[in-house]
Amino acid sequence: MASLNVYSVLVVLFLTCGAVMATKENDQIIKENNCETKMGLPCVVEAFMSIFNIGSISNKCCGELVVLRKFCHSALVKRTVENPLFKDLNPATIIAKSI
C-alpha cells in the first residue's frame, strides 16, 4: 500500500513538472521570437473578439497573423488556454476557433 502512495505522489509530481515546463517553453518561444510585438493592439483585440465572441478578422489583421508565424501563434494560444481567466471556457473550442 505504501508503494502505491509513493507511486501516486511521483505521478502527480511528474505531471505538475510537465505542465510547468510546457508553460515555460511557451513563454520562452514567445520571448525569443518577440511574438507579442508582431501584432498591433487593435489586431490583437480583433483576434480575441473573433475567438471569444462572434466575429471575423479583417484582411489587415489576417496579414499580421501571417507575419506572426505558426510557432508564435501556437505558443500564444497555448498560453491563453492555460490562463486562469479562461478556465471556464472549453480549450478545444478556443483552439478550434483560433485556427
| request: State plainly whether one hydrophobic cluster holds both Leu85 and Val44, where clusters connect Ile, Leu, Val, Met, Phe, Trp and Tyr through side-chain heavy atoms under 4.5 angstrom apart. | output: yes

| Minimum heavy-atom distance between Ser56 and Ser50, given as atom pair plus value | C-CB, 4.1 Å

| task | For residues Met39 and Ala47, report the shortest heavy-atom separation together with the two atoms involved. | result | CE-CB, 4.5 Å

| Are Arg79 and Leu76 side-chain neighbours, meaning at least one heavy-atom pair lies under 4.5 Å? | yes

| query | Hey, are Glu64 and Lys60 close enough for a salt bridge, meaning a charged N less than 4.0 Å from a carboxylate O? | reply | yes

| field | Gap separating the SG atom of Cys72 from the CD1 atom of Ile30, nearest 0.5 angstrom | value | 7.5 Å

| task | Give a yes or no on whether Phe48 and Val81 share a hydrophobic cluster (residues Ile, Leu, Val, Met, Phe, Trp, Tyr; joining criterion: side-chain heavy atoms under 4.5 Å apart). | result | yes

| What distance do Cys62 atom SG and Glu46 atom CD have between them, rounded to the nearest 0.5 Å? | 9.5 Å

| note | d(Cys35 SG, Arg69 CZ) to nearest 0.5 Å is 10.0 Å

| Value rounded to 0.5 Å, distance of NZ in Lys38 from CG in Leu65 | 12.0 Å

| query | With the 4.5 Å side-chain cut-off for hydrophobic clustering, are Val66 and Phe71 part of the same group? | reply | no

| query | Taking all atoms of both residues into account, what is the closest heavy-atom pair of Ile29 and Ala75, and its distance? | reply | CG2-CB, 3.9 Å

| field | Asp27 CG to Glu36 CD distance, which is reported to the nearest 0.5 Å | value | 8.0 Å

| said: With rounding to the nearest 0.5 angstrom, report the CG to CG distance, Asn34 to Leu68. | reply: 11.0 Å

